[in-house]
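Okay, structure first, notes after.
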Amino acid sequence: MEREKPLRLDRRQLLVGGGLVAGAAGLGGAAVYALRGDGGPAPAAQPAAAADDDGEFALDGEHTDLTTFVLAPHPRRVREAIERHRAALDASPSLALLEGEPALEDAAREAAADYLGTSPDLVALTDSTTMGLGLVYAGLALAAGDEVLTTEHDFYATHEALRLRAERDRIRVERVALYDDPASADAGRLADAVADRITPRTRAVAVTWVHSSTGVKLPLADLAEVVADANRDRAPEERVLLCVDGVHGFGVEAASPVELGADVFVSGCHKWLFGPRGTGLVWATPEAWERLRPTIPSFSPQAYVAWLEGRAPTGGPPGPFMTPGGYQSFEHRWALPEAFALHQELGRGEVEAHTHGLATRLKERLGELAGVRIVTPISEELSAGLVCCELDGLGPPDAALRLRDEHRVIASVTPYATSYLRFGPSIANDEADVDAAVEAVRALTA
Ligand SMILES: Cc1ncc(COP(=O)(O)O)c(C=O)c1O
C-alpha cells in the first residue's frame with residue numbers, strides 16, 4: 001500500500017483546485033483520498049463540472065487575505081448547501097420547515113458533537129461566540145458574593161457579559177494578568193497565575209483559548225488541572241467551572257476542548273471552522289449544564305410541551321434546552337454540517353499542521369526583518385494561527401491601510417486598548433500568501 005503523504009493545503013488544492021475538495025462531496029471518500037495523497041483516484045477522475053470550478057473559496061483573488069479568521073468566507077460546499085436550503089425556504093417556508101425541522105437542526109448538533117467528541121445532547125446552537133458567552137455568563141448559577149475569575153487578555157464579549165452579570169447580581173469579577181510580554185509567555189507561569197487567584201468563592205474561571213489580543217494560546221489542559229485541584233474538596237455546586245471562549249482555536253487545533261478538560265466551551269463556527277456566518281455553539285459537561293439556565297426561551301419539545309401543560313420544563317437534553325428559540329436563518333444553520341465535514345475530510349491533524357506551519361513561517365520570516373517585533377510566541381505550544389506584530393514607527397491602523405492600499409495584502413488590527421498588527425493564515429491560504437505578506441511588510445519597514 002502506498003504510504004500516506006502529508007497533506008499540503010496549498011493554493012492549487014483549496015483556491016484554484018477546489019474541484020478536489022468540492023468533488024469529494026459528490027464522490028464519497030474517493031476525492032478525499034486524492035486530496036490526502038494516499039493513493040485514491042487522481043484529480044482527472046473528477047467530473048468535468050468539478051474540474052471547471054474555480055476553487056473551494058470564492059475570494060476575490062486580487063488581494064492576499066490573511067484575515068479570513070475574522071469572518072469566514074464560505075467554502076464551496078457550505079455555499080452550495082446554503083443555496084439549496086435557501087431555495088427550499090423561498091419556494092415554501094412552511095413546507096421547508098416541516099420537512100427540515102427538527103432533523104436538520106439535529107444534524108447540525110450531531111456534526112458538532114462528532115467533531116468535538118461528545119454527545120449531541122450536550123451541544124446548544126447559537127448565532128455566535130458573543131451570543132454563547134452572553135448566555136453562559138447570564139445563565140450561570142451564581143449567588144451574591146460569588147466570584148468569577150477572568151483575565152486581562154479576554155475579548156470584549158467575555159468582559160462585557162461578566163460586567164452585565166455583576167451589575168445585575170452583585171457577583172464579583174476578578175481579573176488576572178497571565179503575562180506581561182506575550183512573546184515570552186510561559187505555560188507554567190500562566191497556570192500558576194490562575195491557581196494563585198482562585199479563592200473559596202470562585203465559581204468559574206472565564207478564559208479565552210487563543211487570545212485575539214496577542215495570539216497567545218492558553219495551555220487548556222494545564223488550566224483544567226489547576227481547576228481540578230481547586231475542586232478537590234468542593235461540593236458540586238461550589239466547584240469552579242473552566243469556561244472557555246474557544247473561537248480562535250476551534251477549527252485550528254486538532255485536540256478537542258472536551259478532551260483538554262474544559263467544563264464549558266463557547267465558540268462561533270464562522271471563523272477558523274469556516275462554517276456559515278451567524279452560527280456558533282456552546283458545549284458543557286452534564287455537571288456544568290446543571291448549573292446553567294437559559295435566558296432566551298428555547299423551542300425544544302421539552303420546554304414547549306411543558307408550557308402547553310402549564311408547568312416548568314424538567315429533564316430533557318440540556319443542549320436543545322439552552323438553544324435560543326425563535327425562527328432562525330435556517331439556511332445557514334442547516335448548512336453547518338458541511339463545515340465539519342470539510343474539516344473531518346481534510347483531517348484535523350492536517351488542518352492544524354497547515355495552519356501552524358503557515359503561522360510559524362510568517363513569524364520566522366517577519367522576525368528576520370529589521371523594525372518588526374513579533375508579539376505572538378513562536379512556540380506552537382503557546383500559539384495557534386494568529387500572528388501579532390509591531391512595526392517600528394508605524395501604528396497598526398496605518399500599517400494595515402498601507403498593506404491593503406499599496407500591496408493588496410489584507411491584515412487586521414487587534415481591537416484592544418493595546419493594539420497590534422495581526423495576521424491569521426488559514427486553510428484558505430498557502431505559503432505564497434505568507435511570503436507576499438512578508439514582502440509587503442518588508443517594503444513598509446525598509
Ligand atoms: C476572542 C474572541 N471571541 C469572540 C469574538 C466574537 O466572535 P463572534 O462573532 O462569534 O461573536 C472575537 C472576535 O470577533 C474574538 O476575538
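We count ligands from 1, going down the list as the structure has it; atoms in each ligand are counted the same way. Atom set for the values below is all heavy atoms of this structure, side chains included, hydrogens, waters and symmetry mates excluded.
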Taking 4.0 angstrom as the limit and counting only heavy atoms of T208, give me the atoms of ligand 1 inside it, by number and element. 1 (C)
Residues E253 and W209: side-chain donor-acceptor under 3.5 angstrom: no
Nearest-neighbour protein heavy atom for atom 15 (C) of ligand 1, which is reported as residue plus atom name and distance: H248 NE2, 3.4 Å
closest protein heavy atom to atom 7 (O) of ligand 1 is T129 OG1, 3.2 Å
If we count only N and O atoms by modelled type, under 3.5 Å, do the side chains of R109 and T323 hold a donor and an acceptor together? yes
Measure the distance from atom 16 (O) of ligand 1 to every protein heavy atom, then report the residue, atom name and distance (to 0.1 Å) of the closest one. S212 OG, 2.6 Å
Taking T126 for the side chain and M131 for the main chain, is one N or O donor matched with an acceptor at less than 3.5 Å? no
Does ligand 1 have any atom sitting under 4.0 Å from a heavy atom of H211? no
Test side chain to side chain donor-acceptor pair (under 3.5 Å) on H248 and W272; report intermediate values, then the result. CA-CA 7 Å; H248 292 293; W272 300 86; 3.0 Å; yes
For R239, is there an ion pair with D263 - N to carboxylate O distance below 4.0 angstrom? no
Residue, atom and distance of the protein heavy atom nearest atom 2 (C) of ligand 1 read D245 OD2, 3.4 Å
Test item: R404 side-chain N/O and R408 main-chain N/O as donor-acceptor pair under 3.5 Å: no
Side-chain H-bond candidate by donor/acceptor type, T150 with R175, under 3.5 Å: no
Heavy-atom distances under 4.0 Å are what count here, so tell me which part of S128 touches ligand 1: side chain, backbone, both or neither. both
Here the atoms of ligand 1 under 4.0 Å from any heavy atom belonging to H270 are 8 (P), 9 (O), 10 (O)
Distance filter under 4.0 Å to V247 heavy atoms, resulting ligand 1 atoms: 2 (C), 3 (N), 4 (C)
Does the side chain of V413 come within less than 4.5 Å of Y420's, by heavy atoms? no
Does K271 reach ligand 1, in the sense of a heavy atom lying below 4.0 Å from it? yes
Distance to 0.1 Å, residue and atom name: give those for the protein heavy atom nearest to atom 11 (O) of ligand 1. T130 OG1, 2.5 Å
